[in-house]
Amino acid sequence: MTVQGIVLLVLFVAVLVVFGFIVRMLIRTLKLGKPEDRSGNIGQRINSVLVYVAAQARVLSQPAGLGHFLIFWGFIFITLGTIEHIVGMIVPGVSYTAVFGPVVAGVISWFQDILAFLVLLAIIVSLFRRFVLKPVRLKIDDPGARQEALFILTLISALVLLMFGIKGAGILMGKVDPAYAPVSSFVAGLLQGRGLDLHMFENVLAWTHHLIVFFFLLYVPYSKHIHILGAIPNIYLRNLGPAGTLSRMDFEDESAEKFGNSEIRDFTWKQLLDLYACTECGRCQAACPAYLTEKPLSPFNMIHRMRAHLMDERGKLLKGQDGEKGETGAEGVEGTPIIPETMTTDEIWACTTCGACMQECPPFIEHVQKIVDLRRYLVMTESNFPQEMQAVFRNMEVNYNPWSIGFSTRADWAEGMDVPIASEKKEFDVLFWTGCAGSFDARGQSVMKAVVELFGKADVDFAILGVEEMCCGETARRMGNEYLAQTLIDGNIDVLKKYSFKKIVTACPHCFNTFKVEYPQFGFEAEVMHHSEFLLDLLEEGRLKAGKIESTRGTYHDSCYLGRYNDILDQPRSILNQVSGVEITEMGRSGKRSFCCGAGGGRMWMEEDIGRRINEERVSETTKLGVDTIFAACPYCITMFEDGLKAGEIENVRVRDIAEVLLESID
Amino acid sequence: MKIIVLLKRVPDTEAKILINQDGNGIREDGVKFIINTYDEYGIEEGLRLKEKVGGDSKVTAVCAGPEESTEVIRTALAMGVDDAVHICDPALAKPSPFTIAEVLAKAISEEGFDIIFCGKQGIDDDMAQTQSILAEKLDIPQVNNATVFELADDLSKAVLNRRIEGGDEKVEASLPVIISCEKGLNDPRYASLPGIMKAKKKEIRVKNLADLGFNEAPSSGRSRVLKWLPMPKGGECKMVEAEETVDAVKELARLLREEAKVV
Amino acid sequence: MGKDVLVFGEIRNGELKKVVKELIAAAAVITGETGGAVDAVLVGAGAEKEASGISGYGLRKIAVVDDDAVADYSSEGYAAVLASLVGEEGYGYVLMGATSMGRDLGPRAAARVDGVMFSDCVEVRIDGGALVARRPVYSGKLFVELTPEGDGPVFISIRPNNIAPAGESGGSSEIAAKPSGVDRAAIRAIVSEIIPLAGGRPDVTEADVIVSGGRAMKEESNFRMLEKLADLFGGAVGASRAAVDAGYAEQPIQVGQTGKVVNPKLYIACGISGAIQHLAGMRTSKVIVAINKDASAPIFEKAHYGIVGDLFEVVPILTEELEKMLQ
């Protein structure tokens, strides 16, 4: 072993030890968070890693993702080369050729060369995008974040260039087989005949390269490239259940002084791991309806700032921890509140919980739960929320609907329609859940009437709960009032358990999602169908036969809680396709990438006085298509569209629920 | 400072109010009960006063009403009221404002008081009398329909605005005083969940007439309901039509005056 | 119980309230059965001047009480005046307007003389020798008819504009000044000032009459038209969210789910379609009038009176007609 080898070994080991301590600190930081169970489903989890890490499936869902794909795989091969080189410098004679034979080594070398070259190209494109094109998704207020991105890209470029230099020199010295190193061979050609001391040249480049690598290793955990450490475990540990489920809170402890999250330790360890996983790709913000309409919220910025906050806080919080036992004993240390320094209330309330951010996020960060956790604290512990929400909560408490309309009038819409009531019928096939909008809003009522008429034509054995029905709790839950939500949920479950039925059908995606994926948390499981699924079944069973309507050119808007959260994309379209006369043109943002109407997450009942209106934004997307009808399958979406059309004084476009169209075609 | 807030359990404003089968009251089945909305302004003002004055100030809720009133008392406790007295006695079913005021006067005197807040009227019988009768029984000044309330720094007097037709009267009243609250005085708070949890453990002292030293319900100011009558009103919108708009509008104006009696 | 009736002649700003003539008419209904006489008492600054205005309206005598202690209204001072009159004259009934003064004074005075009180009555009559008062309850969802028990004097406040006012019946009433007997220093709640409403219009949440405009108002300046109508009643102007969004009106007057929740006696919706967001804020109004071009607008389902027509035509005519009525 040479002196140089010994120095490198000592340095390498030291770097690894320090890196080990950093990783341990990162893990201890995670343990500051609350427990959360993400065990089990190992097969599925490994599969996630293969699809979303190895194959970079989400990264590649956008063209720019190709750059990351190349950098990711390029770096794996470059790192293989780096390891080989470092070990070779420490123990002369050790190389992949020596260990695996020339073919394997050659293949590794070839990939290294080709990928490293592509990495360089990718970096040039990245720099061009970041500093010239400036796409929406890379916008961030923090100038540090931009400098860091530039710094990292520079380092990566340096490493790649150094590698080519080292390999080029290696070729000239006969250490590297030029047959497996096309790019390096080119570099070797440039170096040839310049009178360089090749050995010295390679050595200087190698030391520079390795020192950068060591620096990188120690720098990464403190930069956005922490995602190299965080993303893979985060993808492995991703939420395999439905994305539209919020965590259930326990209100058993009556002495509790605090509900919801105000500081970083209130989040679970997995939520903190999310902060490590963020790649700052900004795809979330480019899909976020709040961000795109000039509201202060950006899911990107939120994660960025929460991570910075976590880094600021952890020193203080870990101090109280018993290092030896690794216990989180930071009791007594005050955590800094996240609001208002790290996040503002305007940001927290801007979210429509549409889930577009989570849909886009390559490392599967779960943004919505964090926002709701912060809302929970504001609402339940501090009673601090936009003033208009108080009436909504009070109305739900007293009259079980957001509008303060007497609960005893809930079934009035059905008067004169011969709609069976559960309390009289007791046993039936379908419980038709009308929901608040369907029960009280004149527009929603007309959709309910259409569904009921279709049920009549198909001879469906159904009933409604009538005055026994209460708000399903969805809005209260997403507004952060988990206590109220659970009161409503428990109340509804008590009523539902009195009757015997096969399935719940609802025309509201919000009720639908809540019954399908959230009621099971409270011990109530039933088959739940959205009316688009159920009506399609009726059509396929031949119990209904779609007819013809006057020729109409329309577009279909996917409701977030139907399409994105529950994958119901084809059913409503299939119904529309069966109605002759309907021609559908798709919007650019459709399907799972649909753009929210602006009503979710309780926004329906809140003023939207910052930035542009989300509904108007979406309406302008539809009008660009030159359609005469916007088809929807959600009462909130319908309201938002109709309001948006009125605001834009657009009089020749109608908004119709799929049930209304189907009924018209049959009549 | 000893602050009393009065509350009453009343049917929700949205409740369907129907006459019961015996024709001697309303049907209570299917009716949701709440804290009288105007009383909430009183609770809020009481709590704000306590927060402002500090020290050993205490807010006590006093409620006369049936057993079920516990629920609305707990709501007040959840908002932050310290403790409560619940006057509950079968002899107090369907009491007149005079009876209630006399009973309240006794209970409030036992508690001690510097300032009393209540709603300007109960939204059930809409009498708007109890607070003024109570003022007379306690021999203290009254300020009804307060829209602004401030306490002088030396805590000796209150400066208020009281809503009258077309404006406000600015009133100065020495303490102790009873203040009935009008909409606009404040925005009542939404009880926090820790508040709701704590309210479950706060004390509600239940007192019957005997506990307050009455042998029977006070008989002053008695009256009797002879009859309950439904409001004569068709559910349908009356569409005013005429060949000429002018005539339709004239007819509308006439209807507003003679039928709706709002002009 | 006495059979004579005392009418409280409320004076505001030195002028007798219009309701007093309505009270005199109501009193006549009572004395028509009991055979008693109707007297009046006027208290405060302007009492003497105003007394002559109702002399000859069938009143037997009018007591005028105007000294320093009662120049301005106070519940304590005025209650003392009423109590002493009732004590001296043995009135069986005391009538007052269901105004902010009547509602404040009545119960206190009734308590002082161990009487009973019925507030906010819309009708009084004598039935089988007993007084029957009809009044709305549960925010006007029902009426009750009440009758007093016991011998105490009966105080009744009567809603203005419910009973046709008494007319002159010839002759004149005996007007007699009377000391208040009130010690000003003993009054503990004193009115120091009367503050007229800022801008002359009440807040939408407090107004008895609201005239609201929607997007169909077309521009901000058209709201002047609604203000003119609202001012006839001392009412407020409201707006739908759409009108606020369009910049025609300010957010503080927005009525609806995310704006103000209002409950006036009269709500006139001009060019408002009646989306649930708006209805949630005003549907409990006692009388709703809808003016809209679109006969199928949902507002008509909640309104009590509707006119299908152009608001720019309807509102000015309505303003003119109502102005004539109110004069």
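First the proteins, then the strands, lettered A, B, ... as listed; each starts at 1. None of these values were measured; they are calculated from a predicted model.
Here the OH atom belonging to Y483(A) is positioned 6.0 Å from the CG atom belonging to L193(B), to the nearest 0.5 angstrom. The distance from atom OG of S383(A) to atom CE of M79(B), rounded to the nearest 0.5 Å, is 9.5 Å. Taking CD1 of I34(B) as the start and CD of E397(A) as the end, the distance is 11.0 Å to the nearest 0.5 Å. Separating the CG atom in D12(B) from the CZ atom in F407(A) is a distance of 8.5 Å, to the nearest 0.5 Å. Atom OG of S408(A) and atom NZ of K16(B) lie 4.5 Å apart (nearest 0.5 Å).
Each of V467(A), T409(A), N399(A), L484(A) has some count of heavy-atom pairs under 4.5 Å with chain B, and the biggest count is that of N399(A).
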Could you please spell out the steps behind the side chain to side chain contact (heavy atoms under 4.5 Å, CB included) verdict for E257(A) and K198(B)? CA-CA 9 Å; E257(A) 292 277 325; K198(B) 274 186 213 140; 3.6 Å; yes
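Contact of Y377(A) with chain B is not made at all, since no heavy-atom distance falls under 4.5 Å. For chain A, the nearby parts of K32(B) are the backbone and the side chain; heavy atoms of each come within less than 4.5 Å. The contact between N481(A) and chain B is made entirely by side chain atoms (from C-beta outward), counting heavy-atom distances below 4.5 Å.
Open room surrounds CG on D56(B); 12 or fewer heavy atoms of other groups in view lie less than 6.0 Å from it. Annotation for D418(A): atom CG does not count as buried by contact number, only 12 or fewer foreign heavy atoms lying within 6.0 Å. Within a 6.0 Å radius of NZ in K261(B), no more than 12 heavy atoms belonging to other residues, nucleotides or ligands are found. In E150(B), the CD atom is not crowded: 12 or fewer heavy atoms of neighbouring residues, nucleotides or ligands sit closer than 6.0 Å. Summarising the local packing, CD of E341(A) is surrounded by 12 or fewer heavy atoms from other residues, nucleotides or ligands at distances under 6.0 Å. Annotation for E71(B): atom CD does not count as buried by contact number, only 12 or fewer foreign heavy atoms lying within 6.0 Å.
A tilted orientation is assigned to the rings of F393(A) and Y190(B), their planes being inclined by 30° to 60°.
A distance-only check finds a donor-acceptor pair linking the side chain of Q390(A) to the backbone of P188(B) [under 3.5 Å].
Minimum heavy-atom separation, F251(A) to M197(B): O-CE, 3.6 Å.
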